[in-house]
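Here the structure comes first, spelled out in structure tokens, and everything after it is commentary.
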Number of protein chains: 2
Amino acid sequence: MSLRHALLAALSQGEASGYELAKRFDVAVADYWTATPQQLYRDLERLEQDGLVEARVVEQTRRPNKRVFTMTDAGLAELRAFGERPSKPPAMRDEFLVKVQASDRTGDPAAILEAARAREARSREKLARYDQLRDRLLEGRSEEDYLRDSDEVGPYLTLMAGRMYEQLNIDWTATVIATITHRQEPAAG
Amino acid sequence: MSLRHALLAALSQGEASGYELAKRFDVAVADYWTATPQQLYRDLERLEQDGLVEARVVEQTRRPNKRVFTMTDAGLAELRAFGERPSKPPAMRDEFLVKVQASDRTGDPAAILEAARAREARSREKLARYDQLRDRLLEGRSEEDYLRDSDEVGPYLTLMAGRMYEQLNIDWTATVIATITHRQEPAAG
DNA sequence: ACCCCATATTCAACAAATTGATTAGGTGCG
DNA sequence: CGCACCTAATCAATTTGTTGAATATGGGGT
């Protein structure tokens, strides 16, 4: 039940509504914690019931009203306790890798090629968005300076992991594409 | 319900019992599809009911008997159909990254340092095991030769992704450790 | 003898995730 | 005026995943 902690961690970066959290998760958290909006809303309810977050309604004129959530002291305490427990190993579910594993049996190299290109394109998009976020965080400073002097490094370090992961995907899909392409060619000379 | 496909993909590499699959998942599949033994047994049941795999009992004298599963033609057809559908984006759950993200608020750099070292050690172990598997697959051939000439590339390519991922973790945790260590030092000169 | 470990599988209870739909006001476009 | 899209949230049903335990056999060590 650890989406709760991912939510608390996100709220530790500042208050947000469920909708805003959904977007935050989509753009910046998805590479280490995946969740749908429905999940977020449901768990925010429960966090509120447990007193780990507080909600207040913000009335808006040109948009629907929203409920903005803030982490409570109890929430911070829970996050701290979580931080001191050993972590579960990362859990992954990646359909494309399953397809690659079975690709020698399923034939159809064209389908995998197409999927690999789609995967690469998606990773490039994510990387580009991550790079924007990075530039915004750095504000012109170098990475070394930022990591040494800024008052906050957590979000930068996780962003860095996300960037590295997307770069890995770009490199790896390139190998997959090259491999399949070469093997499709009739072995000439 | 895609553990079914991960199971079919694993069985496409050859028949296996539930117990053997659990180990296969643990050592070679875990970096792209996580599942517990209980899940495997349960889904193997269902795959059998749906006619996608077949089981036969292998009597053993020095060990408990086991049920060995084989993919059926219907199973292969299902795997092919799966291969042609678009893939869902990868889903991740990584507690340690959540802790790093919140680390500026939770204080206690010692706890994160320790967790980072544990993570690095685990990745090194996994990488070492992956390297063994790789050497066994290559049988002395170079990677380039293998990818061009061998009759099977799927398992090698997924193994490659796993190796790259563990290497990423080693590199990234090194940065985390260096960052936290530097920031803990009293800023001298 | 005793205990622990590895093989091999199963059951049940509970918690969490996924899927799909629904409601509702506002904005921008043609 | 109608349509599509964005903000904002909620509901319900079903499928998956997690946790903990139980069972049975045999091998190795002290």
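Labels below follow one simple rule: chain letters A, B, ... track the order of the sequence lines, proteins then strands, and each chain is numbered from 1.
- Between R93(A) and dG17(D), a side-chain N or O to OP1/OP2 separation shorter than 4.0 Å is present.
- Between L3(B) atom CG and dT18(C) atom C1' the separation is 15 Å, expressed in whole Å.
- Nearest heavy-atom pair, V176(A) versus A116(A), reported as atom, atom and distance to 0.1 Å: CG1-CB, 4.3 Å.
- Summarising the geometry, the separation between CZ on R46(A) and P on dA15(C) is reported as 9 Å, rounded to the nearest angstrom.
- A sub-4.0 Å separation between OP1 or OP2 of dT7(D) and a side-chain N or O of K23(A) is present.
- Of the candidate nucleotides dA24(C), dT10(D), dT18(C), dT10(D) has the atom nearest to the side chain of E45(A).
- Taking 4.0 angstrom as the limit, Y41(A) places none of its side-chain polar atoms (N or O) nearer than this to OP1 or OP2 of dT10(D).
- Distance, L44(B) CG to dA8(C) P: 14 Å, rounded to whole Å.
- Residue-to-nucleotide proximity on DNA chain C shows that, of T61(A) and K88(B), the 5′-proximal contact is made by K88(B).
- Residue contacts for S17(B): at a heavy-atom cut-off of 4.0 Å it reaches the sugar-phosphate backbone alone, with no base atom in range.
- Contact check on E78(B) versus R105(A) returns no salt bridge, with no Lys/Arg side-chain nitrogen under 4.0 Å from an Asp/Glu carboxylate oxygen.
- At dC11(C), none of the side-chain N or O atoms of Q38(B) fall inside 4.0 Å of OP1 or OP2 (strictly under the cut-off).
- Both G18(A) and T34(B) lie close to DNA chain D; mapped to their nearest nucleotides by heavy-atom distance, the more 5′-ward contact belongs to G18(A).
- Comparing Q60(B) and W33(A) by the nucleotide of DNA chain C that holds the closest heavy atom to each, the one mapping nearer the 5' end is Q60(B).
- With dA17(C), dA24(C), dA8(C) as the choices, the nucleotide that has an atom nearest any side-chain atom of P64(A) turns out to be dA24(C).
- Rounded to whole angstrom, the span from the CZ atom of R67(A) across to the C1' atom of dT7(D) amounts to 16 Å.
- Relative ring orientation between Y156(A) and Y146(A) is described as tilted, the plane-to-plane angle lying within the 30° to 60° band.
- Between D43(B) and R46(B) there is a salt bridge, since at least one side-chain N of the basic residue sits less than 4.0 Å from a carboxylate O of the acidic one.
- A search for side chain to side chain donor-acceptor pair (under 3.5 Å) contacts involving E15(A) returns R56(A), not counting sequence neighbours.
- No contact: D43(B) has no heavy atom under 4.0 Å from any strand.
- Distances shorter than 4.0 Å separate some side-chain N or O of Y19(B) from OP1 or OP2 on dT7(C).
- Listed nucleotides: dT10(D), dT7(C), dT18(C). Nearest to the side chain of R42(A): dT18(C).
- Distance K66(B) NZ to dG26(D) P: 16 Å, rounded to the nearest Å.
- Whole-Å rounding puts the E59(B) CD to dG26(D) P distance at 13 Å.
- The interatomic distance linking Q39(B) (CD) with dT10(C) (C1') rounds to 15 Å, in whole Å.
- dA8(D) atom P lies 6 Å from atom CD of E20(A), rounded to whole Å.
- An OP1 or OP2 oxygen of dT27(C) is reached within less than 4.0 angstrom by a side-chain nitrogen or oxygen of R62(A).
- Residue R67(B) forms a salt bridge (charged side-chain N to carboxylate O under 4.0 Å, His left out) with just one option from E20(B), E59(B), E45(B), and that option is E45(B).
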